[in-house]
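Residue numbers begin at 1 in each chain, while the letters A, B, ... track the order of the sequences.
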Amino acid sequence: MKSSCTEILRVTPCDPDGAQRESLASLLVRTARENDVSPAQLLEWKFATGTGLQMLKFSTRALGRSVGQSINGCSEVARMLVNRTEQLTRLDGLRRSTTLAFAPFTTFNGLLRQQLAWSVQSLRSQETKYYPLLWALEPVRVCPETRKPLGSLCPTCRQSLVLLSGGSHIGRCYRCGSSLFETNIGAVPADPIVGSIRSIDYEVWVARELGNFIRFQTVESLSEDFSYHRALEHWLDLFELRSNRDAAKALGASPLALFRWRSNKAIPRLRMTLNLCWVFGISLVDFLLLRRPSGHDGRLRQSIDAGMRHAAVSTRRRIDKARLGSELSTILRENRYSMMSFSEICSRKLRRRDVVIRQNFPEEARLVARRYLENRKLMADIKRDQFCAALETVARFLHARGIVPNYKTLSPYLDRPSKLRCAWAIAALRRVREELGYEDPSEQLMLLI
DNA sequence: ACGGTGCCATGTAATCCCTT
DNA sequence: AAGGGATTACATGGCACCGT
């Protein structure tokens, strides 16, 4: 199993041509089980070996927060992982187990939820336990088959679960190990997903639309030259929503948002796109293909999802570019606040958001940020040298008193004994021990007094 | 694990610009 | 000049990536 060229036992995705198609993260967990290793081991040994995938660092206990999301995601990482998995398993079409097909019409933000979500009833009835890609989509809050809200808190320990952990099993809490579907409690009352639901009918519609899109990929795919703003323009034109204000009112969005979507300055979150489809009375697939359903009466529906906007308090102050610019260049010229990070300087010294400074003075912003990182590195090197020097001194003193310098004997005299575990500290200890005449440092390192 | 950097969507307030 | 829609400016929150 260690080598990346040995064969692996493979499993095939569940419901490959349906709306409940298995997600890539789920497939990887099941593949790992089939091969008698933990998901973290499988990923580390077999999958994350290609160029660009080394960044997926795994520990056996837990995978990083975002790893599970990246795997089901629509970015470069997902694409590479799909290729690698197809190579290893000789399966094809695994692209459809991720959200890569969503990329042309949505952004990563608002596409996948951070936590695991599951349908208790579906898990119970599945013959082979697996997580459909649909459950990982952030706009999906109910199971389209049972019309019941998805759960996102473990019924036993009441905690939310990461999408993929080092030792995860399908249908089990990776923390407390209890089943996510066998208890009769159902959804935990405090579950945030349950709390966010206003209309079950609308949520079911959303889930079905996204399920249909997942299924749609098996037959067709979106054309290469799809662009969101052109599609939106087409529908706004069809429903005669000419001004941004009228369109915004009908769609339950802000006029400014409309302006940005139409002028290709931004793409709305997936949930908003579904809201648009709902108001237009069309399916997501029709929206994307600019296909007007036959029998459409041309009327708009009432938006269900409107009025859910965040209250962002904005107090606008004029930017005194000249003053800020001169302050910035003074900071750089006189090397002021060299141990403060860029954002810290922005908030504490310049009294501005870092975004503002970056927008107006990109060059200076980069210089200040880089300066801090370099200084921090320098300080780390200095501290390392100081630690090694202290280690050496203590070792000589112990030696003079007839005590063998090793981890145990040195620890009480050093301010940060845990640093003795670092490779550079071990090397420094070895050097001084060799110098003091201990013949086999690697062996004696373990000796007590 | 955690903090810093960088990017994205989207909110409110100000400003631009065209029409009347 | 006034008024309103379009656009820009400043702000917030969320998340990925990266190094320690």
Side-chain angles (χ1 to χ4, degrees), chain A residues 52-59 61-78 103 105-115 138 162-163 165-166 228 241-249 251-273 275 306-321 324 339-347 350-360 362 365-381 383-384 416 418-419 422-424:
Chain A
L53 286 173
Q54 303 93 332
M55 59 174 142
L56 293 170
K57 292 195 185 98
F58 311 102
S59 70
R61 279 300 302 152
L63 303 180
R65 279 195 309 275
S66 56
V67 171
Q69 269 191 310
S70 303
I71 291 171
N72 290 341
C74 63
S75 65
E76 193 60 16
V77 177
F105 64 93
T106 189
T107 53
F108 204 96
N109 195 348
L111 176 59
L112 295 167
R113 59 164 53 87
Q114 256 190 308
Q115 282 85 25
E138 191 164 290
V162 293
L163 201 63
S165 77
Y228 196 95
L241 295 167
R242 293 291 142 74
S243 83
N244 286 341
R245 206 180 63 146
D246 294 348
K249 203 173 165 197
L251 298 168
S254 78
L256 176 56
L258 255 298
F259 159 71
R260 282 197 275 233
W261 302 336
R262 293 175 83 161
S263 51
N264 206 17
K265 291 186 195 308
I267 295 174
R269 297 203 181 102
L270 186 54
R271 181 110 183 152
M272 180 51 87
T273 298
N275 173 54
M308 299 278 279
R309 282 175 235 132
H310 311 274
V313 190
S314 162
T315 48
R316 187 189 159 111
R317 291 172 293 152
R318 278 235 58 83
I319 291 180
D320 190 345
K321 236 180 147 167
L324 275 179
M339 288 315 289
M340 271 168 96
S341 75
F342 173 62
S343 37
E344 214 179 346
I345 289 181
C346 289
S347 66
L350 301 174
R351 307 264 169 204
R352 286 284 173 183
R353 297 280 304 175
D354 52 355
V355 203
V356 174
I357 305 294
R358 222 178 267 129
Q359 263 168 13
N360 288 286
R366 223 167 291 132
L367 284 173
V368 171
R370 213 170 297 151
R371 186 187 67 164
Y372 170 67
L373 289 179
E374 278 164 11
N375 282 340
R376 205 169 56 164
K377 206 170 197 170
L378 183 74
M379 288 308 288
D381 286 347
K383 281 192 179 151
R384 202 153 87 172
R416 301 287 284 276
S418 60
K419 284 189 180 171
C422 299
W424 48 268

Considering the terminal five base pairs at each end of the helix from B:dA1-C:dT20 to B:dT20-C:dA1, what angle separates the two local helix axes, rounded to 10°?
10°
Once salt bridge (charged side-chain N to carboxylate O under 4.0 Å, His left out) is applied, do any residues pair with A:Arg260, and if so which ones, sequence neighbours excluded?
none
Please enumerate all residues that pass side-chain contact (heavy atoms from CB on, under 4.5 Å) together with A:Asn109, with sequence neighbours excluded.
A:Thr107, A:Arg269
A:Leu256 atom CG is separated from B:dT15 atom P, nearest whole Å, by 16 Å
A:Ser254 side chain N/O closer than 4.0 Å to the phosphate oxygens (OP1, OP2) of B:dG11?
yes
Examine the base of C:dG14 for any acceptor or donor lying under 3.5 Å from a partner atom in the side chain of A:Arg269, and report the outcome as yes or no.
no
With nearest nucleotide decided by heavy atoms, which residue, A:Arg242 or A:Asn109, maps closer to the 5′ end of DNA chain C?
A:Arg242
Which pair of heavy atoms, one from A:Cys74 and one from A:Leu111, lies closest together, and at what distance?
SG-CD2, 3.7 Å
Looking at A:Trp261, I'd like to know whether one of its side-chain N or O atoms comes within less than 4.0 Å of OP1 or OP2 on B:dT10.
yes
With sequence neighbours excluded, residues passing ring pair (Phe, Tyr, Trp, His ring centres under 6.0 Å) with A:Phe259:
none
Testing the basics here: between A:Thr273 and A:Pro268, what is the closest heavy-atom pair and its distance to 0.1 Å?
OG1-CG, 3.9 Å
Taking atom C1' of C:dC10 as reference, at what distance in whole Å does atom NZ of A:Lys265 sit?
16 Å
Where do N or O atoms of nucleotides 5-7 of chain B meet protein N or O atoms at under 3.5 Å, pair by pair?
{"residue": "B:dT5", "atom": "OP1", "partner": "A:Phe342", "partner atom": "N", "Å": "3.0"}
{"residue": "B:dT5", "atom": "OP2", "partner": "A:Ser343", "partner atom": "N", "Å": "3.1"}
{"residue": "B:dT5", "atom": "OP2", "partner": "A:Ser343", "partner atom": "OG", "Å": "2.8"}
{"residue": "B:dG6", "atom": "OP2", "partner": "A:Arg358", "partner atom": "NE", "Å": "3.2"}

The side chain of A:Phe108 lies closest to which of these nucleotides: C:dC15, B:dC8, B:dT10?
C:dC15
To the nearest 0.5 angstrom, please state how far the CG atom of A:Leu251 sits from the CG atom of A:Leu241.
6.0 Å
In whole angstrom, give the distance that lies between atom CG of A:Leu111 and atom C1' of B:dA9.
14 Å
A:Phe259 CZ to B:dA9 P, straight-line distance once rounded to whole Å:
14 Å
Using atom CD1 of A:Ile267 as one end and atom P of B:dA9 as the other, report the distance to the nearest whole Å.
6 Å
Please check if atom CZ in A:Arg262 has more than 12 non-hydrogen atoms from other residues, nucleotides or ligands closer than 6.0 Å.
yes
Protein and nucleotides 2-5 of chain C: nitrogen or oxygen contacts under 3.5 angstrom:
{"residue": "C:dG5", "atom": "OP1", "partner": "A:Arg245", "partner atom": "NE", "Å": "3.2"}
{"residue": "C:dG5", "atom": "OP1", "partner": "A:Arg245", "partner atom": "NH1", "Å": "3.3"}
{"residue": "C:dG5", "atom": "OP1", "partner": "A:Arg245", "partner atom": "NH2", "Å": "3.0"}

Pairwise distance OH(A:Tyr228) to CG(A:Asn264) - rounded to 0.5 angstrom
11.5 Å
Regarding A:Pro268, tell me which of base, sugar-phosphate or nothing describes its non-hydrogen contacts under 4.0 Å with the strands shown.
sugar-phosphate
Find the distance between OG (A:Ser243) and CG (A:Leu258) and round it off to the nearest 0.5 Å.
8.5 Å
Integer-rounded Å distance: C:dG13 P and A:Glu138 CD:
17 Å
Value in whole Å for how far the C1' atom of C:dG14 lies from CD of A:Gln115
13 Å
Just how far, in rounded Å, is P of C:dC15 from CZ of A:Arg113?
12 Å
